[in-house]
Amino acid sequence: MNIKNALLLWVPSRRGKNAGKTFPVGLLYVGKIFEEHGINVKIVDIYNFAFDGKLEDEYCLDTIVKEINQLKPEIIGFSGIATSYGWTKFLSKSIKKAFPSIIQIVGGALSSTYELLLTKTSIDYVFHGEAEANLPHFLNAIQSDRIVHETPGVSYHHNGDIHTNQMPPQIENLDEIGFPAYHLINIEDYITNARPFSKTFVEQYSDDLKYQGIYEVTNDKLKGIDSLFPIVTARGCTHRCLFCYRHMKKYRKHSIDYVIRHIRYVQQTFGVSGISFYDELFNGDVQWVFDFADAIDTHKLKIAYKTSARADKISDNMLKRLSETGCFSIAFGQESGSAKILKEYRKGIKRSKNVESTIQCRKYGIHNTVQIVIGSPSENLNTIYETIEFLKEVNVKTISINYLLPFPGAPIWKYVMEKQLINDVEEYLDKVALLGGGPIINLTGNSDKVWKNWLPLIQYKIKQHNAIIEKRYLTYLNEIAKYEIKKYLPEKVIKPLIKIKNFLNLKA
Ligand code: B12
Ligand code: SF4
């Protein structure tokens with residue numbers, strides 16, 4: 001079969017107002033493979049025309065039908081995550097009706113819904129894992145009229161059953177993949193703004209006298225950096241947490257040489273200076289991190305970057321080197337303040353290490369959003385209070401709290417299926433797409449009323465704590481007023497105190 005054109009669809013994972021645009025990194029790697037097989041590719045990002053309202057599906061379909069009539073693709077590929085399922089179903093069925101000969105394939109984390117995709121939609125093949133390991137086999141087979149059913153790591157429907165072929169070996173040397181096919185999208189549409197980070201850093205620590213001045217270090221790192229660009233330095237992770245869907249098993253890093261070349265390439269080609277590392281795990285190889293920092297110095301690279309990391313592999317020295325080389329933000333995934341829940345999450349990190357690493361970040365002017373996941377099967381009011389205590393202890397103001405959302409393929413999914421906690425998976429995925437990380441499914445033994453109130457309870461307690469902390473600094477303010485030493489203190493100390501005083505509407 002002669003394949004001339006392929007259309008790749010980046011399917012939103014959220015619905016309505018929450019549908020935010022995200023960089024289609026995975027599809028740029030997929031598009032590259034098609035091009036290497038002499039196939040013309042077009043990427044269409046559905047986020048560009050997804051909007052609120054009942055007609056969003058129909059409107060979206062109209063736009064895609066126009067694209068199909070223009071491009072005349074022999075293959076359509078869908079990419080997204082599990083919550084992109086609803087859109088994919090609607091589009092897949094509608095497209096099959098109008099264009100029955102087009103082969104429909106799916107990849108990315110969306111492939112975790114492969115059973116639904118192959119029974120309830122018109123998808124022909126679902127690709128598991130990384131496209132570099134199975135898509136070339138599929139394209140070679142199709143182009144030379146061989147049997148595509150033998151492609152490793154692919155699920156398909158055959159004689160009334162779903163078949164899943166054995167996974168191919170993962171790519172060992174990631175550098176062989178090369179750079180993503182950036183020319184397939186309009187890069188300008190995706191570069192995000194780096195400025196809000198310096199703002200949140202100021203908000204985060206402005207009341208903590210010990211760290212006055214630190215935000216200036218961060219502002220310094222972000223000087224002239226107004227854009228963030230995604231780069232992948234690793235694939236896979238060393239762990240397997242309860243709620244995490246992992247379709248790339250083994251942990252692998254690109255070489256430092258590759259990453260430096262990649263950074264230089266995007267800086268020179270797109271004029272960006274800020275980098276957002278899109279790895280599942282950036283610091284899985286500790287020595288790599290130090291070597292990377294040294295390479296940034298050696299090559300005199302001027303960058304600012306944000307990344308994610310496991311707190312157990314963080315050390316004072318690592319934070320120092322990261323900060324010195326431009327790191328302004330790290331996300332750890334602290335998950336919980338309860339040792340019991342951390343164990344249930346199989347996080348492999350102790351509470352005390354989470355506290356230590358989070359606090360250490362301030363010392364080096366590195367912003368940290370504390371990420372909390374609540375609502376695992378063993379969660380109760382005691383463990384929620386342990387999390388509240390943890391949040392008070394680390395005293396960080398930027399906190400992201402989400403209820404645990406089970407996704408197909410994650411370890412928790414088995415528990416949910418065994419306990420029959422979800423009757424209709426399609427309906428559940430649509431609900432998650434609409435509501436995000438709110439209270440959607442109660443996995444705990446607590447009543448819905450209690451469980452739903454955990455999030456507002458944490459938020460209330462933390463607000464209360466922050467107000468107490470802020471009041472504490474009023475004592476300093478009183479002292480300042482009393483001894484009239486205002487003029488002897490630097491502005492950077494006075495300003496936040498005045499702000500707090502005005503905020504609390506209190507007299508000094
Ligand atoms: C960076 C990231 C984000 C970023 C950017 C999102 C984005 N642009 O994708 C941010 C922070 C915004 C984000 C948010 C969320 N994320 Co996220 N994110 C990731 C992360 C760490 C990396 C994604 C990435 O770019 N990888 C690099 C590329 C190279 O890999 P890839 O996309 O998988 O693509 C490869 C293959 O999958 C395959 N492939 C991909 N598409 C296709 C298509 C075809 C046709 C074929 C053949 C092959 C193929 O080939 C590619 C090359 O090898 C992944 C973890 C992971 N490793 O995937 C989680 C992950 C995708 N996120 C996840 C989740 C749940 C979320 C949130 C819902 C979290 C939340 N509660 O809010 C939100 C959703 C936000 C949104 N609006 O979409 C889950 C999805 C779980 C699932 N079963 O669907 C993942 C897998 C994390 C996890 N392990 O649980 N995320
Ligand atoms: S949550 Fe983080 S540490 Fe845990 S398995 Fe997923 S990527 Fe790895």
Side-chain angles (χ1 to χ4, degrees), residues 6-15 18-34 43 47 75-85 104-113 123 125-136 138-139 151 153-154 170-171 174 177 180 190 192 230-248 251 276-282 284 308-313 331-333 335 345-349 371 373 400 402-413 429 432-433 435-438:
L7 179 65
L8 299 179
L9 300 176
W10 185 224
V11 190
S13 58
R14 303 288 290 269
R15 287 239 178 206
N18 296 324
K21 207 174 164 73
T22 55
F23 206 112
V25 179
L27 269 189
L28 297 187
Y29 287 102
V30 175
K32 187 182 172 106
I33 300 169
F34 276 99
I43 292 182
Y47 285 94
I75 296 184
I76 292 187
F78 297 78
S79 182
I81 67 170
T83 50
S84 314
Y85 172 79
Q104 297 189 12
I105 65 174
V106 158
L110 171 59
S111 58
S112 58
T113 62
I123 296 296
Y125 298 96
V126 177
F127 285 68
H128 304 281
E130 45 203 347
E132 293 82 0
N134 50 17
L135 189 58
F138 180 85
L139 294 177
T151 306
V154 163
Q170 285 195 320
I171 306 293
L174 290 186
I177 295 168
Y190 295 94
T192 50
I231 281 186
V232 176
T233 80
R235 287 187 181 182
C237 177
T238 50
H239 284 67
R240 183 147 173 71
C241 299
L242 185 71
F243 47 75
C244 188
Y245 167 68
R246 307 272 335 285
H247 64 295
M248 297 195 190
Y251 183 64
S276 171
F277 290 121
Y278 257 34
D279 310 342
E280 270 172 292
L281 174 60
F282 178 75
S308 61
R310 278 182 60 90
D312 59 339
K313 289 201 153 67
F332 289 143
E335 326 295 9
Y345 285 161
R346 308 174 192 167
K347 194 72 200 175
I349 300 177
Q371 295 167 313
V373 175
S400 155
N402 285 297
Y403 279 87
L404 199 165
L405 287 176
F407 282 112
I412 185 78
W413 191 252
L429 292 173
V432 178
L435 301 173

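In what follows, residues are counted from 1 in the order of the sequence shown. Order of appearance sets the numbers: ligands from 1, and atoms from 1 within every ligand.
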**OP:** Evaluate the criterion side-chain contact (heavy atoms from CB on, under 4.5 Å) for residue pair Ile349 and Phe332; output intermediate values, then yes/no.
**Re:** CA-CA 11 Å; Ile349 300 177; Phe332 289 143; over 6 Å; no

**OP:** Would you please test Arg246 and Cys237 for side-chain contact (heavy atoms from CB on, under 4.5 Å) and show each step?
**Re:** CA-CA 8 Å; Arg246 307 272 335 285; Cys237 177; 3.5 Å; yes

Original post:
What's the verdict on side-chain contact (heavy atoms from CB on, under 4.5 Å) for Phe78 and Ile105, showing C-alpha distance, side-chain angles and the deciding distance?
Top reply: CA-CA 6 Å; Phe78 297 78; Ile105 65 174; over 6 Å; no

**OP:** Could you please spell out the steps behind the side-chain contact (heavy atoms from CB on, under 4.5 Å) verdict for Leu139 and Ile75?
**Re:** CA-CA 10 Å; Leu139 294 177; Ile75 296 184; 4.0 Å; yes

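Atom numbering of ligand 1 starts at 1 in the shown order; those under 4.0 Å from a heavy atom of Glu130 are 53 (O). The Arg235 neighbourhood of ligand 1 comprises atoms 29 (C), 52 (C), 53 (O), with distances under 4.0 Å to a heavy atom of that residue. Taking every non-hydrogen atom of Ser112 and a distance limit under 4.0 Å, the qualifying atoms of ligand 1 come out as 83 (N). Near Val25, the atoms of ligand 1 lying under 4.0 angstrom from a non-hydrogen atom of the residue are 25 (O). Which parts of ligand 1 touch Gly26 is read off a 4.0 Å heavy-atom cut-off, strictly below it: atoms 28 (C), 32 (O), 34 (O), 51 (C). Those atoms of ligand 1 with a heavy atom of His247 less than 4.0 angstrom away are 33 (O), 37 (O), 58 (O). Ligand-side atoms of ligand 1 in range of Gly129: 36 (C), 37 (O), 38 (C), range being under 4.0 angstrom from any heavy atom. Within the listing of ligand 2, atoms 1 (S), 2 (Fe), 3 (S), 4 (Fe) sit less than 4.0 angstrom from a heavy atom of Lys347.
Counting only non-hydrogen atoms, the option in Phe23, Tyr245, Tyr403 that gets closest to atom 83 (N) of ligand 1 is Tyr245. Of the options Phe407, Phe127, Tyr190, the smallest heavy-atom separation from atom 65 (C) of ligand 1 is shown by Phe407. Remark: among candidates Val232, Val11, Leu110, Val432, the nearest residue to atom 27 (C) of ligand 1 is Val232, based on non-hydrogen atoms. The closest heavy-atom contact to atom 72 (O) of ligand 1, among the options Lys21, Gln170, Arg14, comes from Arg14.
Under the 4.0 angstrom criterion for non-hydrogen atoms, Ala133 is not in contact with ligand 1. Residue contacts with ligand 1 include Phe78, since one or more of its heavy atoms lies under 4.0 Å from the ligand. Heavy-atom distances between Tyr125 and ligand 1 stay at or above 4.0 Å for every pair. Ligand 1 lies nowhere less than 4.0 angstrom from a heavy atom belonging to Leu405. By the 4.0 Å heavy-atom criterion, Tyr85 is excluded from the residues contacting ligand 1. Ligand 1 has at least one atom lying under 4.0 Å from a heavy atom of Cys244. Residue contact annotation: Gly436 has no non-hydrogen atom under 4.0 Å from ligand 1.
Closest heavy-atom contact between Ala410 and Tyr245: CB-N, 4.0 Å. Contact detail for Cys241 and Arg346: the closest heavy-atom pair is SG-O, 4.0 Å. For Pro180 against Leu28, the heavy-atom pair with the smallest separation is CB-CB, 3.6 Å. Nearest heavy atom pair, residue Glu335 against residue Lys347, reads OE2-NZ, 2.8 Å. When all heavy atoms of Tyr251 and Gly236 are compared, the pair lying nearest together is CD1-O, 3.3 Å. The minimum heavy-atom distance between Ile123 and Gln104, with the atom names listed, is CD1-OE1, 3.6 Å.
Applying the side-chain hydrogen bond (donor to acceptor under 3.5 Å, both in side chains) test to His128 and every residue at least two apart in sequence or in another chain returns Ser155. Listed by chain and number, the residues in a side-chain contact (heavy atoms from CB on, under 4.5 Å) with Pro408 are Ala82, Ser112, Thr113, Trp413, Leu429 (sequence neighbours excluded).
With Ser308 contributing its side chain and Asp279 its backbone, the two residues share a donor-acceptor pair below 3.5 Å. Under the 3.5 Å distance criterion, the side-chain polar atoms of Thr83 are matched with a main-chain donor or acceptor of Ser13.
Of the N or O atoms in Ala82, one or more lie within a sub-3.5 Å distance of an N or O in ligand 1. Ligand 1 has no nitrogen or oxygen under 3.5 angstrom from a nitrogen or oxygen of Pro24. Looking at ligand 1, you won't find any N or O of Asp279 less than 3.5 Å from one of its N or O atoms. At a 3.5 angstrom cut-off on N or O pairs, Asn402 does not count as close to ligand 1. Geometrically, ligand 1 and Tyr29 share no nitrogen or oxygen pair separated by less than 3.5 Å. Residue contacts with ligand 1: Trp10 is placed with no nitrogen or oxygen under 3.5 Å of a nitrogen or oxygen of the ligand (distance criterion only). Between Ser13 and ligand 1, at least one N/O pair is under 3.5 Å apart. Considering backbone and side-chain N/O atoms, Glu132 comes within less than 3.5 Å of an N/O atom of ligand 1.
Among residues at least two apart or in separate chains, salt bridge (charged side-chain N to carboxylate O under 4.0 Å, His left out) pairs with a member in residues 232-242 are Glu130-Arg235, Glu132-Arg235.
Between the CD1 atom of Ile33 and the CG atom of Leu135 there is a distance of 5.0 Å, given to the nearest 0.5 Å.
Ring pair Phe23/Tyr190 is tilted by interplanar angle, where 30° to 60° counts as tilted. Under the 30°/60° scheme for interplanar angles, the aromatic rings of Phe243 and Tyr345 are found to stand perpendicular.
In Val30, the part holding a heavy atom less than 4.0 Å from any atom of ligand 1 is the side chain.
Using a 4.5 Å heavy-atom cutoff, the side chains of Phe277 and Val232 are not in contact.
Around atom 8 (Fe) of ligand 2, the protein N, O or S atoms found under 2.8 Å comprise Cys237 SG.
For the pairing with Phe127, the side chain to side chain contact (heavy atoms under 4.5 Å, CB included) check across Val106, Leu110, Val154 returns one residue only, Val154.
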